[in-house]
Amino acid sequence: MLFRFVLAALAAGTVTARAEAPDFHQIPFLSDAASASIQRDYERVRCKQTYMVAVSPNGHWASRCSGNKLSSTITSAVLQKCEHSAGQPCGLAIARGRNLPDWRAVSSLVYAETVNPETIPFVDGLRGRDVVARYTAARRNKALALSRNGAWAYASGRLTMRQAEQAALSNCEENDGNRMRCFLYASGNEVVFGPETDIYPER
């Protein structure tokens with residue numbers, strides 16, 4: 001009897017969760033195929049209560065959610081991911097797992113020339129300051145790698161810059177769960193991240 005009650009409760013919870021899912025076809029600027037892709041992405045993730053989607057007028061989109069990060073951190077990251085792919089500012093269409101009634105573009109990404117905690121992308125503010133402090137203090141022949149989901153790593157004191165870059169990418173991959181999503185952000189004191197950087201290298 002108890003077993004049947006638990007199954008019924010789980011089934012009811014599933015129905016409720018489905019009923020509370022966003023309406024993906026209300027997202028502006030997107031084709032039906034793109035809306036369907038977002039729906040599949042939403043169904044795949046576990047952190048549905050913090051799920052966010054940013055879209056651009058030219059049809060690009062990005063999503064992000066997390067079970068242990070502040071919503072402001074997720075908001076900034078998803079807007080930056082979308083803007084980098086779209087080449088223009090994006091706006092939130094879904095926040096905290098719900099459709100937003102008014103789409104508004106927000107410029108959120110800066111392609112800096114030097115490593116700066118205010119402009120480092122995809123990394124939350126406190127962690128960004130830690131990244132920059134550590135990297136600035138590092139020895140010569142150093143490199144910094146990031147992933148679009150907030151992982152990062154640097155390497156320094158290598159014999160060559162090439163070795164430092166390879167070590168930074170390798171360390172970043174370890175921090176990101178070996179998902180092949182890391183890219184080079186800085187080499188020495190120069191930021192190499194720019195509009196042409198591929199932030200989806202695993203594709």
Side-chain angles (χ1 to χ4, degrees), residues 37-38 40-42 44-47 50-54 56 60-87 90 108-203:
S37 294
I38 296 176
R40 288 192 296 271
D41 182 62
Y42 174 84
R44 177 184 58 84
V45 302
R46 295 181 179 179
C47 44
T50 59
Y51 189 78
M52 292 192 178
V53 174
S56 67
H60 287 266
W61 65 275
S63 66
R64 181 77 186 269
C65 70
S66 175
N68 59 3
K69 294 185 184 297
L70 297 174
S71 60
S72 59
T73 299
I74 306 172
T75 300
S76 177
V78 74
L79 287 169
Q80 290 172 342
K81 285 166 58 177
C82 180
E83 183 172 339
H84 181 76
S85 298
C90 297
S108 60
L109 188 62
V110 176
Y111 297 106
E113 296 181 358
T114 58
V115 181
N116 186 308
E118 302 301 323
T119 56
I120 192 166
F122 316 125
V123 180
D124 67 74
L126 289 175
R127 184 177 295 180
R129 287 193 284 274
D130 183 45
V131 172
V132 172
R134 290 169 180 259
Y135 189 71
T136 302
R139 295 177 292 171
R140 57 181 300 179
N141 287 345
K142 60 185 179 180
L144 173 63
L146 308 176
S147 88
R148 64 181 185 273
N149 278 20
W152 65 276
Y154 74 92
S156 63
R158 300 304 197 268
L159 292 176
T160 66
M161 287 298 301
R162 181 59 178 164
Q163 289 180 354
E165 292 170 358
Q166 291 176 335
L169 286 168
S170 177
N171 294 340
C172 179
E173 291 296 347
E174 289 186 14
N175 294 339
D176 197 38
N178 294 313
R179 297 170 182 169
M180 305 301 294
R181 297 187 298 197
C182 291
F183 55 88
L184 200 63
Y185 180 76
S187 180
N189 293 321
E190 178 186 1
V191 173
V192 297
F193 172 77
E196 303 303 318
T197 300
D198 184 5
I199 65 171
Y200 293 87
E202 76 278 15
R203 290 182 176 175

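The side-chain contact (heavy atoms from CB on, under 4.5 Å) check on Arg46 picks up nothing, with sequence neighbours excluded. Residues that satisfy the salt bridge (Lys or Arg N to Asp or Glu O under 4.0 Å) test with Arg158, not counting sequence neighbours, are absent from this structure. In this structure Ser156 satisfies the side chain to side chain donor-acceptor pair (under 3.5 Å) test with no other residue, sequence neighbours excluded. Legend: residues meeting side chain to side chain donor-acceptor pair (under 3.5 Å) with Ser85, ordered by chain and number and at least two apart, are absent. Checked against ring-ring contact (aromatic ring centres under 6.0 Å, His included), Phe193 has the following partners two or more places apart in sequence or in another chain: His84, Tyr111, Phe183, Tyr185. Under the side-chain contact (heavy atoms from CB on, under 4.5 Å) criterion, Ser37 pairs with Arg40, Trp61, not counting sequence neighbours. Judged as a side chain to side chain donor-acceptor pair (under 3.5 Å), and not counting sequence neighbours, the contacts of Arg44 are Asp41.
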Using residues 160-167 as the side-chain source, report each donor-acceptor pair under 3.5 Å to any protein atom, sequence neighbours left out, with the distance given to one decimal.
from, atom 1, to, atom 2, distance (Å)
Thr160, OG1, Gln163, N, 3.1
Gln163, OE1, Leu159, N, 3.3
Glu165, OE2, Ser187, OG, 2.7

All N/O donor-acceptor pairs, side-chain side in residues 129-138, below 3.5 Å, sequence neighbours left out:
from, atom 1, to, atom 2, distance (Å)
Asp130, OD1, Arg134, NE, 3.0
Asp130, OD2, Arg134, NE, 3.1
Tyr135, OH, Lys142, O, 3.3
Tyr135, OH, Gly188, N, 3.3
Tyr135, OH, Gly188, O, 2.6
Thr136, OG1, Val132, O, 2.7

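Applying the disulfide (SG to SG under 2.5 Å) test to residues at least two apart or on different chains, none of the pairs has a partner in residues 115-166. Listed by first and then second residue, the disulfide (SG to SG under 2.5 Å) pairs involving residues 137-184 are Cys172-Cys182 (not counting sequence neighbours). The salt bridge (Lys or Arg N to Asp or Glu O under 4.0 Å) contacts involving residues 181-192 comprise Asp176-Arg181, where partners must be two or more places apart or lie in separate chains.
Counting all heavy atoms, side chain and backbone alike, Gly150 lies closest to Arg127 at O-NH1, 3.4 Å. Here the closest heavy-atom approach between residue Ala153 and residue Asn175 is recorded as CB-ND2, 3.6 Å. Of all heavy-atom pairs between Ala62 and Val78, the closest is O-CG2, 3.2 Å.
Here CG of Leu79 is found 11.5 Å from OG of Ser56. Values are rounded to the nearest 0.5 Å.
One N or O on the side chain of Glu83 and one on the backbone of Ser108 form a donor-acceptor pair closer than 3.5 Å. Without hydrogens or angle criteria, Lys81 side chain to Ser63 main chain gives a donor-acceptor distance under 3.5 Å.
Considering only heavy atoms from C-beta on, Ile120 comes within 4.5 Å of Leu146 through its side chain. For the pair Glu173 and Asn178, the minimum side-chain heavy-atom distance is below 4.5 Å. The shortest distance between side-chain heavy atoms of Trp152 and Leu144 falls below 4.5 Å.
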